Amino acid sequence: MTHGDMTASLFDTADANAPPRSADEILHEVFGFSDFRPGQRDIVEAVLAGGDVLAVMPTGGGKSLCYQLPALIKPGVTIVVSPLIALMRDQVLAMQSQGIAAASLNSANDREDNWRTLQRAIGGDLKLLYISPERLAHVETIERLREAPIAMIAVDEAHCVSQWGHDFRPEYRQIGQIRRDLGIRQTVAFTATADKVTREDIAERLFEADCSVFVRSFDRPNISLAMSQRDDGRAQLLSFLKSHGGEAGVVYCQSRKKVDETAAFLAAKGYNAVPYHAGLTREERDHNQDVFVREDGVIVVATVAFGMGVDKPDVRFVFHMQLPKNIESYYQEIGRAGRDGLPATAHALYGFGEVRQFRQWIEESDAPEAVMEVERQKLNALVRLFEAPACRRVQLLAYFGEATAPCGNCDMCHGTVETFDATVLAQKALSAVARTRERFGMEHLIDVLRGERSEKVEKHGHDTIKTFGVGADQSKKVWRSIFRQLEGIGLAVPDPNDYHAWKISNAGWRVLKGEDTVLLRKDTMSLKDKAPKSSTAAKELPTDYDEALLAALKGLRRELANERDVPAYVVFSDRTLIEMAAKVPQTSDQLRGVHGVGERKLRDYGPAFLDVIRDKASGTA
Ligand code: ADP
Ligand code: ZN
């Protein structure tokens, strides 16, 4: 795309006679979206009003639009500070393909390119200028920007400002000073980190006075949630992939070795799978990430090193082979699925060995006691989420301080995991713990319950207590599952400081005294992914469309994307193609009504897509 082309864009600043357009018009005509996502309108209005704004929105919530859209309305150029060059590049490409005058300034470009870009900003030919924080702090950049008509600074990933956030970037600290220096009136900041301390820190560092703060829900209703115990991990993965054929997804593994093995295993089974971990060379990693982002339906098998800076909206699933590290990590990792708002699936496997191991790591660390206690609580919350016999989303959001009703889009709500009144069983187990004075581990307690006269049982005289043999009707496997669930819902926990002897919590004592009932899961080995593919929570997608037409449209998309050297979704999203295949538009006007088709894309891609649609229609007629 040439610069001449850009200056003749829809936002040609020389076109002073054109009537100003409203936010809604721009949303439809430029972005091709029919509605704002929840929360976007309020934020856009606040940004347009001119004050400082801090918005916390979960990943995939649609933060970018909240500053991109106002940037198109405000006179002058909006400076976007973004920490990741790769991300910047894709965003700029996406905007250019929508006819927006956007460019980036970073160390990956050559000097001359950067110089020309600054010149365009100064000349008023740019609406959005993306800058890395290091580049912004350059004296040279600042000097040149003095001449530019700057509308506002938009700070992406604003938690990087704060040392309380998880990836503190010292250069972010200078943004406030630069703003004063350049006399810029407005700063707007965006992050997916909701934590209150971090929020206050961000506001203090970036803003001069008061700001409007928006905190959106952490719910990602389009992601269906499921967790199951690992039985045979590979078999479970394959069975999951059967119902997710041809979809792009991430499979997370705990170690590099597991990543390599699993990727090779999937490749041998005919899947298009690539590995990703810190042990690969930089070139290999970049290449594999690129393949994943650009090609359709690729599976990336990765350690948690993967994800930061990957902005692929159409990831359809995230599959964990092991228990994630904590709820924050779990949330961040599954958040990479379904950023386009279409149905996506998060399925995690876990084994109790991992829980044990995590507990061990915490106790063996030489962190201060207060830190260890926080880690213990985090682990307990994680186990509760994975083991509790109730809606996953209720548990997950409760952890982030949000109350919600059962979601209807998780394995618990779907009833793929059956629960039953297990008060009596729980009382038996707890009574075994109580009557052996909270001094024994699970296997011994199970022996007592099942009436097994082991050496240890006889040595301690546990064959004489009342609980001896009261659980002989259940197998060891069942009892283990019951203990894990009791731990999950916090009725009793093994104490790692006391040889994993089980202790009863206050809630556990209430059950033992008959003051509370207990619901447990019948089958913690549920391996099937019975969740229906489309959920009511996600925006309805047409299901009645011509598969052959969709395949042809995807083919054209790939061709156009390759020609332009951009990821496929930059041309059109999956949703757009599916709607096309369902509505079968015949004219530009009809095509305009399809999700994601703005004026610029209509002009650039419309004719080619209409050709394919007409071809197919006449072929089948
Ligand atoms: P994040 O909040 O993670 O930065 P993005 O800004 O990247 O999210 O947006 C995530 C996805 O949502 C993108 O594919 C974007 O095009 C899409 N999106 C944003 N706003 C809307 C909207 N109003 N309607 C439909 N899709 C939207
Ligand atoms: Zn639910």
Side-chain angles (χ1 to χ4, degrees), residues 10-11 19-48 55 57-73 91 94-100 214 216-217 219-223 311-314 316 337-344 409 534-546 549-550 553-554 557 568-606 609-610 613:
L10 291 164
F11 300 95
R21 293 194 292 169
S22 72
D24 286 282
E25 279 166 350
I26 293 179
L27 183 74
H28 303 148
E29 291 166 20
V30 179
F31 292 93
F33 297 147
S34 51
D35 305 291
F36 281 107
R37 287 248 180 96
Q40 281 180 332
R41 181 185 292 281
D42 291 344
I43 300 172
V44 165
E45 280 171 3
V47 175
L48 285 172
M57 269 176 133
T59 307
K63 288 185 278 296
S64 334
L65 184 111
C66 298
Y67 56 83
Q68 288 166 356
L69 196 157
L72 301 184
I73 296 179
Q91 287 211 342
M95 273 182 288
Q96 288 176 344
S97 79
Q98 288 164 321
I100 298 170
F214 297 86
R216 282 303 308 171
S217 165
D219 194 10
R220 301 280 308 279
N222 61 314
I223 303 179
D311 188 16
K312 183 176 169 64
D314 54 354
R316 294 272 69 85
R339 295 175 71 162
D340 53 10
L342 300 182
N409 195 23
S534 74
S535 82
T536 47
K539 242 192 156 182
E540 285 309 322
L541 250 197
T543 48
D544 189 17
Y545 55 82
D546 180 349
L549 176 54
L550 180 62
L553 295 172
K554 283 193 174 172
R557 174 173 71 175
Y569 68 81
V570 166
V571 174
F572 279 131
S573 68
D574 283 358
R575 177 179 199 106
T576 304
L577 297 192
I578 292 171
E579 276 194 19
M580 273 189 210
K583 291 185 181 167
V584 201
Q586 301 292 319
T587 64
S588 291
D589 249 1
Q590 291 170 353
L591 191 53
R592 188 178 274 123
V594 171
H595 166 94
V597 183
E599 290 304 320
R600 180 58 173 256
K601 288 195 179 179
L602 187 67
R603 207 165 71 207
D604 286 354
Y605 308 130
F609 280 90
L610 286 172
I613 293 169

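Just so you know, these numbers come straight off a predicted model, no measurement behind them. The residues of the chain are indexed from 1 along the displayed sequence.
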(request) Measure from the side-chain N and O atoms of Lys601 to the backbone N and O of Gly596, and report whether any donor-acceptor pair falls under 3.5 Å. (result) no
(message) With rounding to the nearest 0.5 angstrom, report the CG to CD distance, Asp604 to Gln96.
(response) 11.5 Å
(request) Determine, for Arg603 against Glu599, whether the closest basic-nitrogen to carboxylate-oxygen distance falls under 4.0 angstrom. (result) no
(request) Look at the side chain of Asp340 and the backbone N and O of Ser573, then say whether any donor-acceptor pair between them is shorter than 3.5 Å. (result) no
(message) Does any part of the side chain of Ser97, heavy atoms only, come nearer than 4.5 Å to the side chain of Val571, both counted from C-beta?
(response) no
(request) Apply side-chain contact (heavy atoms from CB on, under 4.5 Å) to the pair Ile100 and Phe31, showing each step before the final yes or no. (result) CA-CA 10 Å; Ile100 298 170; Phe31 292 93; 4.1 Å; yes
(request) Output the distance between atom CG (Asp42) and atom CZ (Arg216), rounded to the nearest 0.5 Å. (result) 8.0 Å
(message) To the closest 0.5 Å, what do you measure between CG (Leu577) and CZ (Arg557)?
(response) 4.5 Å
(request) Would you mind reporting whether Asp546 and Val584 have side-chain heavy atoms less than 4.5 Å apart? (result) no
(message) What I want to find out is whether Asp314 reaches Lys312 closely enough, with some N-O distance under 4.0 Å, to be called a salt bridge.
(response) yes
(request) Return the minimal non-hydrogen interatomic distance between Leu48 and Ala23, and the atom names on each side. (result) CD1-CB, 4.5 Å
(request) Hey, could you give me each pair passing ring-ring contact (aromatic ring centres under 6.0 Å, His included) that has a residue in residues 571-597? Not counting sequence neighbours. (result) Phe33-His595, Phe572-Tyr605, Phe572-Phe609
(message) Strictly distance-based, threshold 3.5 Å: is any side-chain N or O of Gln40 a donor or acceptor partner for the main-chain N or O of Leu65?
(response) no
(message) Using only atom types and a distance under 3.5 Å, with no angle test, would you say the side chain of Asn222 pairs donor to acceptor with the backbone of Leu342?
(response) yes
(request) Determine yes or no for a side-chain-to-main-chain donor-acceptor pair under 3.5 angstrom, with Arg600 supplying the side chain and Glu29 the backbone. (result) no
(request) Find the distance between CG (Asp24) and OG (Ser34) and round it off to the nearest 0.5 Å. (result) 11.0 Å
(request) Starting from the C-alpha separation in whole Å, work towards a yes-or-no answer on side-chain contact (heavy atoms from CB on, under 4.5 Å) for Val597 and Glu579. (result) CA-CA 11 Å; Val597 183; Glu579 276 194 19; over 6 Å; no
(message) Strictly below 4.0 Å, N to O, side chains only: are Arg41 and Asp35 in salt-bridge contact?
(response) no
(message) For the CD1 atom of Ile43 and the CG atom of Leu69, what is their distance to the nearest 0.5 Å?
(response) 12.0 Å
(request) Could you tell me which non-hydrogen atom of Ser217 sits nearest to which non-hydrogen atom of Pro58, and how far apart they are? (result) O-CG, 2.9 Å
(message) Let's go through Gln68 and Val30 carefully: what are the C-alpha distance in whole Å and the side-chain angles of both, what is the deciding distance for side-chain contact (heavy atoms from CB on, under 4.5 Å) to 0.1 Å, and is it a yes or a no?
(response) CA-CA 11 Å; Gln68 288 166 356; Val30 179; over 6 Å; no
(request) For the pair Asp589 and Arg592, find out whether any cationic side-chain nitrogen is under 4.0 Å from an anionic carboxylate oxygen. (result) yes
(message) If I compare all heavy atoms of Gly338 with all of Arg316, which pair ends up nearest, and what's the gap?
(response) CA-NH2, 3.6 Å
(message) Quick one, Pro585 and Ile613 - any side-chain contact, counting heavy atoms below 4.5 Å?
(response) yes
(request) Test side-chain contact (heavy atoms from CB on, under 4.5 Å) on Asp574 and Tyr569 and set out the steps. (result) CA-CA 7 Å; Asp574 283 358; Tyr569 68 81; over 6 Å; no
